[in-house]
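Keep in mind the model is a prediction, meaning the values are calculated, not measured. Note on naming: letters A, B, ... go to the chains in the order of the sequence lines (proteins, then strands), and numbering restarts at 1 for each one.
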Amino acid sequence: MTDTGDQVKKPLHPAAASSQAFQVADIRPTERLFDDPEGRDRLEKVLSRYPEKRAALLPMLGYAQERNGWVSDESMAEIAGALDLTPAYVRSVTTFYTMYNRHPVGRHLIQVCTCISCHLDEADEVFERFLSETGTRAGEISEDGRYTVIEAECLGACGFATAVQVNDRYFENVTPEKVPAILDELD
Amino acid sequence: MGYPYSHDLEVGTLLSRHFGNEKARTLEGWKELGGYATLPKALEMDPDAITEVVKNSGLRGRGGAGFPTGVKWSFMPKEPSGAHYLCCNADESEPGAFKDREILRWVPHLLIEGCLIAARAIRAEHVYIYVRGEFFPFSAILRDAVVEAYEDGYVGQNILGSGWNCDVTVHLGAGAYIAGEETGLMSSLMGGRAEPWIKPPFPAQSGAFGRPTTVNNVETLAAVPMILAEGADWYRQWGTEKSPGTKLWCCSGHLERPGTYELPLGVNLRDVIYEVCGGAPDGKKIKAVIPGGSSTAMLTAEELDCSGCYEGMAEAGSALGTASPIVMNEDTNIVQAMRRIAQFYAHESCGQCVQCREGTSWTAKILHRIEEGDGTVEDIDTLYHLCEQMTGRTICPLADSVVFPLLSSLDKFRDEYDALIKR
Amino acid sequence: MSDAANHITLTIDGVEVSVEAGTTLLQAAEHAGVVVPHYCYHPGIPSRPAQCRMCLVEIEGQPKLQPSCVFPAGDGMVVHTTSETAETARKSVIEFLLLNHPLDCPICDAAGQCMLQDYAFETGQLRSRYAEAKLVLGRDRVADDILYFGDRCIVCTRCVRFMEDLAGDNALVVAQRGHKAYIDTFPGKDLDHAFRGNIVDVCPVGALVHEDFVFKARAWDMDSSPGICPGCSTGCNVEINVKENQIVRTKPRLNPDVNSYWMCDHGRRILVMANRGVRAEAPMIRQGGELEPASWNEALSWVAEKLSDSSGVAVVSAGASNEALFYTRALLDRLGIQGGTFQVEQGEEVTLTGFPRLKLRADRAPNVRGAELHDFRLSEELPEVSDGATLVVLGDALSGAAADYGANAGFFLYIGSHLVPAARNATAILPAATVPETEGTFVNYEGRVQRFHRALRSPGVARPSWMFLSRLLEHLGGPSGVREIGDAFAVMATDTAGMHGLTWSGLGLRGELLSEAGQPAVAAE
Ligand SMILES: Cc1cc2nc3c(=O)[nH]c(=O)nc-3n(C[C@H](O)[C@H](O)[C@H](O)COP(=O)(O)O)c2cc1C
Ligand code: SF4
Ligand code: SF4
Ligand code: SF4
Ligand code: FES
Ligand code: FES
């Protein structure tokens, strides 16, 4: 396990507004994003960093996921409205990227890298072990709502195979044997 | 120096000196370690003079293509007619590569200083550091460093009292390897699908937000402060004539000590694998190495005696790429490994070009079938045909990226394919 | 060698061509008579993503094949569009595209007009070495009248870029990426733009189809004639597809001065609907209180005899051709009836933002300018008919009239194609061919005189109004009647200010502007 790099609570600096972790366990589902001061503040700070409104799209999709755990059609439409884009355009961009969840996921999204370097290690076994330990099939939410396990492409930690990402954290050098301990550590 | 292991090849440790030292992460600690000493010098220099030093140092882009950095900067207009931008490419998603993240998390201020100096040289007013979304822990460290740098006047308005303004924004991607390709990166930064565009327009004419833009890799930019501080000749004491300096090598796969190591360019690849990384564990033999990240041609164990620099790896029939050797031991099923690589490219193709969109997934499917024992002799012909049709035909080189390892695996490990087909 | 500074000379497939600087290789090849196969490029859509890679050509001295749709022609360049490398690359693009293509040509609506089928036949590749299971995507709806067949889609993004670049409404997009990419709208937000139908035309395969056209006709058993859309005063140039004397589809026909490659959906529907309703199929004259059928000769001499100089009123349609209006005016002159009015239905104006001269214009009639040119006047009301006066009606001007309109007239001459209720009050009915059943001209909003051709046979003995009106005038002592549209046009051009010098053949397929005399004091636009 490595750093999580959480900030101390002080007002968000605009330079940091486009880089907040958006795959987090701490979810406060709200229906609307920009009805409260927090949402409007984030939007304003993000917008202040770019010469064009459209550039705020990825940061705001991230914000939707940060709050709700996934990016719903309603969020897309709301963001489209805020950035003068069509909802269809927002959907086109959202579905291009793999990190925006189009459906709710478990509180811990477990992404096992099975790409080449991890594959040469024990990635496939690690993946299977996560599935069996959580009693899920790939992409499902476990019955207790805690886990969703999926395969991921290279996580940029190839020297530390097998690499596993759980929400915004990295677990490295994971072996099948370490899987139960990792799950225990997650609330 | 390296991370997590060090090595004893006699070299200067330039980028990696503070890897593993948490002190380097904070502005205060970093200044104690001698950080931000070069920025004041850059602020007094003429922008073109900075470019000249970098040009003379022979620094080449570390993002994979090895394009001379100073030359790239010199393409930017000298008389700005509006905003210029610098994009720092921290999308690091090539299988095998994991070097930029070490810079992001251990020496974020070194990167910020490099970005500012580069921005000064190309007359940019805003630096966007595009970090792949998955890198939350590392982008958080960088982000906090940027905020600190703002608070201490290293970034923002009137930097260090010089009257020069430059902003830095950390911008997260969201899961797309193709956002690492420079035009794909800018498409994504502008709030779009990370689709590469056909050049022209070149970024230096019309890049991010339609303005002149330079895209540089993290490692490239991190090398800039010391080059400016110590001079071009100093930097050239490492590396070769055509590939000066040091390089972070990311070594993964079947190795005793995998990790990131800073080594001079021109280091013998065999030494990297056997001396630095200790060869394959458990006394196993090495069968093949993909030397420069998954998009480069495989080398057999016999071909490893080559010079680890841009020209040396090209001579060996492969490429330095991101200097990310992926090592496969004697037990590796080459067809299966190749299938896994093809699967990656099929998953990451943006889908604009027919050859890439259809070719990558077809390749992965054929390889999968061969792996399952259902292959035919014709499949081999088809794979060769695909290699031909996916080379040099597309908007960006992603389609070519699958061809290099595939073609070399067919040429060099044909017996493994044949064995599966005959079964 | 370049002759002028702006001209470059290059060789394409052995043919030397000279083109303006900035011309792409694909366009330059057209000058050399070579069509380079292409999918994503569409001459009317400004964005050129060069993504299908179908148009790759070989340029001597260049290591890689280059996409001719964006690559600029260079002086002295030697280009091969059919060299072995270029041909193999193109064949392989087709092979790639056929991987997941259903090859259901026998039931596909685009069959016969499909750029994939065409090239696949040309290169002799209808079978592939693809042994994997095909991706099966069903059909989906992108608008209430347009279906999307995902398995036929080659993701050339023409439709997406039409909506973005031309319609300015980013409502159709690529969803997902790579081999999973497909075209989609936002859930619950189907396309509703007034020009959406063009996405069907730009689709190079049969992935987008108009629902009301599905399975209706095959390209090879339809006839096609050039027409002008009667839907509004823009006068889009169209191609009318006919099967068994029925209009089954209207498609835009290129006219860079008017509508480029496009037309609106109102226009697409209007012609298909035009021939519905009860038609006037034979001349009728009122004898003994009843309307009785008559032969043309009988009817014309009867009308000539009964019609006399008198006071009266006239009402015409702004959907009638100039020729019909001209001969109506001649008839009115002979009868001493002055003036005459027409009505124009008004609708919302919609601009095609990427080609702003094309608008679905508020005036929902094709020949407002023509009616004005022949001294008819716009009026919101039908003229009042005083008891015993003469009433002359041309075209479908009475569709909204009260059923007893004209019942009090002394002589009510109805010249029209449909038997609307008020027509029953006529003294005589002369059955006219509809616009698609005849030839003629309209003058559009900017004063462009445009020809339309005949697409349909008329029912019964209905005839073009200009033809029988000229004969009626002959019966009334005028010059002998005309039988050819060219002659009718010539007579009109001589007698009409603004049309001097125009000839039927000279109008060609792009039309010509009226001379200044025909333009109102303040330019229309
Ligand atoms: C498919 C593809 C993926 C790429 N990914 C990255 C990447 O993740 N990081 C990077 O720095 N460069 C990447 N590149 C190279 C960039 O296009 C670009 O050349 C580089 O960022 C320029 O920086 P440099 O000159 O400092 O190397 C990629 C290129 C391609 C074709
Ligand atoms: S080569 Fe592949 S990734 Fe690159 S632009 Fe074309 S389709 Fe996209
Ligand atoms: S639906 Fe037709 S026009 Fe649209 S992308 Fe597919 S093939 Fe191209
Ligand atoms: S714009 Fe007018 S003329 Fe053109 S198609 Fe539409 S209705 Fe017909
Ligand atoms: S291959 Fe697993 S992290 Fe790179
Ligand atoms: S037509 Fe040129 S690439 Fe598609």
Of all of [options], which one pairs up most often with chain A through heavy atoms under 4.5 Å apart?
| options | value |
| --- | --- |
| B/Ser139, B/Cys250, B/Gly96, B/Gly173 | B/Gly96 |
| B/Met328, B/Glu151, B/Met338, B/His126 | B/His126 |
| B/Val155, B/Ile290, B/Ile326, B/Val146 | B/Ile326 |
| B/Gly133, B/Gly192, B/Cys251, B/Ala337 | B/Gly192 |
| B/Ser294, B/Ala174, B/Gly191, B/Pro258 | B/Ala174 |

Side chain, backbone, both or neither: which part of [X] has a heavy atom under 4.5 Å from chain B?
| X | value |
| --- | --- |
| A/Phe22 | both |
| A/Ala157 | both |
| A/Ala17 | neither |

Expected output: side-chain [X] to main-chain [Y] donor-acceptor under 3.5 Å:
| X | Y | value |
| --- | --- | --- |
| B/Glu134 | A/Gln165 | no |
| A/Tyr97 | B/Ala194 | yes |
| A/Thr98 | B/Gly175 | yes |
| B/Arg143 | A/Ser19 | yes |

Practice prompt. Assign the ring pair A/Tyr170 / B/Phe138 to parallel, tilted or perpendicular, where the plane angle (0 to 90°) is split at 30° and 60°.
Written response: tilted
Flag yes if more than 12 heavy atoms outside [X] fall under 6.0 Å of its [atom1] atom; otherwise flag no.
| X | atom1 | value |
| --- | --- | --- |
| A/Arg137 | CZ | no |
| A/Phe130 | CZ | yes |
| B/Glu330 | CD | yes |

Can you name the nearest heavy-atom pair linking [X] to [Y], along with the distance?
| X | Y | result |
| --- | --- | --- |
| B/Ser252 | A/Cys158 | CB-O, 3.3 Å |
| B/Val168 | A/Arg49 | O-NH2, 3.0 Å |
| B/Arg132 | A/Leu155 | NH1-C, 3.3 Å |
| B/Tyr85 | A/Pro51 | OH-CG, 3.2 Å |
| A/Phe96 | B/Ala176 | CE2-CB, 3.9 Å |

Item to complete: Answer whether the closest heavy-atom distance between the side chains of B/Tyr177 and A/Glu153 falls below 4.5 Å.
Response: no
Discussion item. Within residues 56-66 of chain A, which residues come under 4.5 Å of chain B, heavy atom to heavy atom?
Written reply: A/Leu57, A/Leu58, A/Pro59
Practice prompt. Identify the residues of residues 106-127 of chain A whose heavy atoms come closer than 4.5 Å to a heavy atom of chain B, ordered by number, or report 'none'.
Written response: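 So the qualifying residues are A/Thr114, A/Cys115, A/Ile116, A/Ser117, A/His119, A/Leu120.
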Residue part contacting chain A, namely of [X], when any heavy atom lies under 4.5 Å:
| X | result |
| --- | --- |
| B/Cys350 | both |
| B/Leu142 | neither |
| B/Thr332 | side chain |
| B/Ser324 | neither |
| B/His347 | side chain |
| B/Glu102 | side chain |

Practice prompt. Please list, chain by chain and in numerical order, all residues satisfying side chain to side chain donor-acceptor pair (under 3.5 Å) with A/Ser18, sequence neighbours excluded.
Written response: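 Partners of A/Ser18 by the side chain to side chain donor-acceptor pair (under 3.5 Å) criterion, ordered by chain and then number, come out as A/Tyr50.
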Discussion item. Going by the rule side chain to side chain donor-acceptor pair (under 3.5 Å), which residues pair with A/Asp35 if we only count those two or more places apart in sequence or in a different chain?
Written reply: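 Partners of A/Asp35 by the side chain to side chain donor-acceptor pair (under 3.5 Å) criterion, ordered by chain and then number, come out as A/Arg32.
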Practice prompt. In sequence, state the C-alpha distance, the side-chain angles, and the governing distance for B/Tyr150 and A/His13, and then conclude on side chain to side chain contact (heavy atoms under 4.5 Å, CB included).
Written response: CA-CA 9 Å; B/Tyr150 260 102; A/His13 192 286; 3.6 Å; yes
Practice prompt. Find the distance between CD (A/Gln20) and CG (B/Leu172) and round it off to the nearest 0.5 Å.
Written response: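 Going from CD on A/Gln20 over to CG on B/Leu172, the span is 8.5 Å.
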Worksheet entry | Interatomic distance, A/Ser92 atom OG to B/Arg193 atom CZ [nearest 0.5 angstrom] |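 CZ of B/Arg193 is found 4.0 Å from OG of A/Ser92.
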Worksheet item: Do B/Arg101 and A/Glu172 pass the salt bridge (Lys or Arg N to Asp or Glu O under 4.0 Å) test, and can you show the C-alpha distance, the side-chain angles, and the key distance before you say yes or no?
Response: CA-CA 14 Å; B/Arg101 72 173 212 154; A/Glu172 296 172 348; 2.6 Å; yes
